[in-house]
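All heavy atoms count here, side chains included; hydrogens, waters and symmetry mates do not. Everything quoted here is computed from the prediction, not taken from an experiment.
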Amino acid sequence: MTLSLDLCLYLCAAVFSIGVYGVLSRQNIIVILMSLELMLNGVNLAIISFGRYFITPEGSALSGTGASSSQIFVIIVLAIAAAEAAVGLAILLAVYRRWRSARVSDMRLLKG
Amino acid sequence: MDHIPTFLQSKLSLGQSAAAEISPGLVSAGDFQAILPALVFIATGTLLLMLDCFTRGLSHTDETRKNRSSLSTAINFLGLLGTVVAGACACASMEQADPSLAFQNYIRVDSFSSAVSLIIILGTFFSLLAAIDYLKRFDAEHGEFHCLVHYAAASMLLFVQANNLIMLFLAVETLSMAAYLLTSYLRDSRRSVEGGLKYFILGSFSSGFLLFGLTLVFGATGELELQEIAKSIAGGEADRSLLLAGMALTVVGMGFKVGAFPFHSWLPDAYEAAPSVATGFMSVTVKSAAIAVLLRFLLLAAEPAGEAGTASVTEILSSVLSLLAIATMLFGNLVALMQNSVKRMLAYSAIGHTGYLLVGIVAALGPGGELAPDAVIFYLLPYTLMSIAVFTLLGYMGRDGKDRELFEDYRGLSTSRPALALCLLVILVSFAGIPPTAGFWAKLYIFRAAIAGGHTWLALTGILASIVSLYFYLRLVVNIYMRPAEEELDADPDSSLASGLVITAAAVALVILGLFPDLEFGSLIKALGK
């Protein structure tokens with residue numbers, strides 16, 4: 001059984017939206033970081049499904065260079081997500097040292 | 001591909017033959033030459049970080065303190081030297097007229113990317129120069145600052161040279177991460193880390209949207225290379241609904257990065273929280289890079305007008321962008337009216353300036369927009385000078401680990417520091433866009449391009465917004481020149497030479513550019529290969 005591209009994309013959109021909802025609704029910075037990862041991973045699924053879709057059953061690329069590069073794209077996005085998490089946790093540590101708290105609602109020095 | 005300006009068109013045959021000749025996995029020396037300025041930045045950044053690492057942790061005796069200060073002089077010097085070398089490399093690559101591709105078409109060097117690279121390198125140089133006194137005064141001289149600025153500059157150069165969606169996303173993420181860390185650089189200050197955290201969350205959030213947008217564009221066309229995407233769209237092979245969704249999400253993501261109206265909420269906080277020199281650096285270089293990439297991306301991915309009755313993707317995007325531009329100009333300038341803090345006022349006015357740049361992008365997308373890309377690039381140059389100079393001044397006025405941010409703090413500056421006040425006057429007048437300065441020409445070219453493209457309403461709104469902006473820029477001038485000081489400004493700390501140099505150089509350059517705009521403009525047009 002093969003999944004259609006549409007179904008894959010719906011799944012990606014769902015995972016991405018859960019991530020967006022998490023970022024917007026959660027107070028705990030750790031959960032926000034996890035939601036950010038979820039967003040990127042949702043997109044990763046989309047990249048993989050597109051890459052699969054552009055390869056014909058015989059294994060040759062349907063069009064252009066995109067199909068073979070999509071796997072590279074996914075791996076690079078994974079690496080970026082890891083780096084982003086590292087930067088986020090570093091900032092979180094600095095924040096925690098100052099506030100003794102990891103909730104965004106505690107931070108209201110700046111007006112925006 | 002007639003709708004794409006000549007300087008963005010590749011010699012498509014050249015690109016293909018080059019791709020055919022290179023066997024996969026092979027990297028030639030020419031590839032490294034193409035990204036030489038970025039490599040120089042990465043090398044100096046790493047060197048400075050190492051230098052700082054291996055010399056830190058000595059005990060705080062008088063002698064080591066002395067060593068430390070000579071070490072930080074060395075770090076400053078090396079940092080500036082690296083920037084100058086990178087600038088020289090970028091100048092050298094500007095000489096070559098034909099666009100060249102490198103790293104299997106992931107990187108593309110052309111006159112457009114070289115011109116923007118030069119502006120970014122100029123901004124980096126001025127920021128590092130201003131950072132010399134600022135960091136000393138705030139007792140925050142660590143090698144990380146220079147390292148982060150260098151890495152950010154390197155990734156921005158790669159960002160404007162990116163010719164592939166993978167490269168584009170990789171570069172934008174690297175530069176954003178450096179920017180988050182620069183914002184929270186003063187990690188003992190609550191404000192700085194809070195601003196950094198907010199910037200990080202919203203910035204990563206927007207990166208998610210940007211990545212989703214780029215992925216959908218990839219899905220619609222089946223290509224990752226910008227030139228191939230352009231061909232696929234121009235040939236009508238792309239899936240329209242996916243393409244529209246992808247382009248819209250890309251615009252949302254980039255809108256966050258440049259601080260356009262509904263996506264601006266991170267900007268005032270990040271600008272206020274970051275150390276002033278870092279604010280100056282981010283405000284100009286990140287914005288220049290993002291605006292340039294947005295412009296190139298939208299121009300390349302422009303869909304030719306379809307059959308009557310259906311709007312093409314580009315037309316839809318262009319009308320959305322013009323709404324964004326109007327909202328951004330009005331919002332930025334109106335909210336800036338209400339600020340009591342000079343730094344927040346400048347942050348909101350930076351949003352307003354993003355609006356003017358968006359007008360230029362909208363004009364470039366429509367018919368008759370040949371003037372617009374040049375106008376946008378020309379706008380970036382005075383904007384870089386003004387913005388860095390004014391944030392340098394904020395840092396220069398800072399005392400005892402705090403910025404002096406209220407309008408009242410600037411009272412009587414004209415008596416205590418006449419030369420500085422004069423330079424500041426020039427810079428603010430240029431910000432407001434009043435004639436004999438470069439800011440006037442920058443706005444004039446943008447609005448002229450908008451009117452030539454038939455976007456009269458955009459130009460009118462822009463002019464209105466500029467008139468509004470007169471109020472808050474001149475409010476600072478009034479405080480400097482017409483109000484007596486409540487307290488004497490204390491004597492200069494030992495060195496403010498570098499800050500003074502940056503402010504003076506920027507003011508002089510603005511006047512020269514203002515008196516002879518054709519000088520620079522002509523050479524830029526030539527540089528753009530027209």
Side-chain angles (χ1 to χ4, degrees), chain A residues 5 9 12-13 16 19-20 23-24 29 32-33 35-40 42-47 49-51 53-54 61-70 72-73 76-77 79-81 83-88 90-99 104 106-112, chain B residues 19 104-105 164-167 169-170 173-174 176-178 180-181 183-184 187-205 207-209 211-212 214-216 218-225 228-229 231-232 237 242 264-270 272-273 344 347:
Chain A
L5 181 65
L9 288 186
C12 310
F16 185 83
V20 171
V23 174
L24 294 178
I29 298 169
I32 291 180
L33 275 175
S35 307
L36 287 172
E37 295 297 304
L38 211 53
M39 284 171 70
L40 289 184
V43 182
N44 266 341
L45 277 178
I47 302 173
S49 9
F50 280 131
Y53 174 73
F54 290 129
L62 192 68
S63 66
T65 53
S68 52
S69 308
S70 66
I72 303 171
F73 200 174
I76 287 181
V77 172
I80 291 173
E84 201 174 70
V87 169
I91 296 179
L92 174 62
L93 273 182
V95 165
Y96 189 76
R97 284 209 189 106
R98 298 284 121 214
W99 266 271
V104 261
D106 291 342
M107 279 146 234
R108 22 181 111 248
L109 277 179
L110 300 165
K111 289 168 221 159
Chain B
Q104 267 131 65
N105 304 352
N164 186 303
L165 297 184
I166 300 180
M167 193 65 225
F169 186 67
L170 185 62
E173 275 298 273
T174 323
S176 305
M177 278 179 227
Y180 307 146
L181 291 175
T183 307
S184 45
R187 56 176 182 264
D188 292 332
S189 137
R190 279 193 162 199
R191 225 167 58 152
S192 187
V193 287
E194 178 187 327
L197 181 75
K198 285 184 173 168
Y199 188 15
F200 169 77
I201 291 174
L202 288 172
S204 310
F205 190 56
S207 298
F209 282 97
L211 178 63
F212 204 10
L214 296 180
T215 303
L216 291 184
F218 161 56
T221 57
E223 302 287 350
L224 283 166
E225 231 181 275
E228 299 292 319
I229 289 174
K231 260 200 284 183
S232 163
E237 298 154 22
L242 272 183
H264 66 278
S265 54
W266 61 271
L267 193 142
D269 284 354
E272 190 185 350
R344 278 188 92 82

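- Contact annotation: the side chain of B:F212 never approaches that of A:M39 to less than 4.5 Å [non-hydrogen atoms, C-beta and beyond].
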- Message: Let's go through A:F50 and B:L242 carefully: what are the C-alpha distance in whole Å and the side-chain angles of both, what is the deciding distance for side chain to side chain contact (heavy atoms under 4.5 Å, CB included) to 0.1 Å, and is it a yes or a no?
- Response: CA-CA 12 Å; A:F50 280 131; B:L242 272 183; 4.1 Å; yes
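- Both the backbone and the side chain of A:A83 come within less than 4.5 Å of a heavy atom of chain B.
- Counting all heavy atoms, side chain and backbone alike, A:G88 lies closest to B:F200 at CA-CZ, 3.3 Å.
- Only the side chain of A:L33 comes within less than 4.5 Å of a heavy atom in chain B; its backbone stays farther off.
- Taken to the nearest 0.5 Å, the OG atom of A:S70 stands 12.0 Å off from the CG atom of B:L165.
- Between A:I91 atom CD1 and B:T183 atom OG1 the span is 7.5 Å, to the nearest 0.5 Å.
- Residues B:M177 and A:E84 come closest through the heavy atom pair CE-N, 3.8 Å.
- For a residue to count as touching a neighbouring chain, one of its non-hydrogen atoms must lie under 4.5 Å from one of that chain's; by this rule A:I76 touches chain B with the side chain only.
- Side chains of A:I80 and B:T174 form no contact here, defined as non-hydrogen atoms less than 4.5 Å apart.
- Both the backbone and the side chain of B:D188 come within contact range of chain A, with heavy atoms under 4.5 Å apart.
- By the 30° and 60° cut-offs, the orientation of the rings of B:F209 relative to A:F16 is perpendicular.
- A heavy-atom distance below 4.5 Å is not found between the side chains of B:V193 and A:R97.
- Taking CG from B:L211 and CG from A:L40, the interatomic distance works out to 6.0 Å, rounded to the nearest 0.5 Å.
- Both the backbone and the side chain of B:S204 come within contact range of chain A, with heavy atoms under 4.5 Å apart.
- A:V43 and B:G208 make their closest contact through CG2-O, 4.2 Å (heavy atoms, listed as atom of the first residue, atom of the second, distance).
- In this structure, the portions of A:I47 lying under 4.5 Å from any heavy atom of chain B include both its backbone and its side chain.
- Side-chain atoms of B:R190 come within 3.5 Å of backbone atoms of A:R98 as a donor-acceptor pair (strictly under, hydrogens ignored).
- Considering only heavy atoms from C-beta on, A:V20 comes within 4.5 Å of B:F205 through its side chain.
- Of all non-hydrogen atoms in B:L197 and A:I29, the two that sit nearest each other are CD2-CD1, 3.3 Å.
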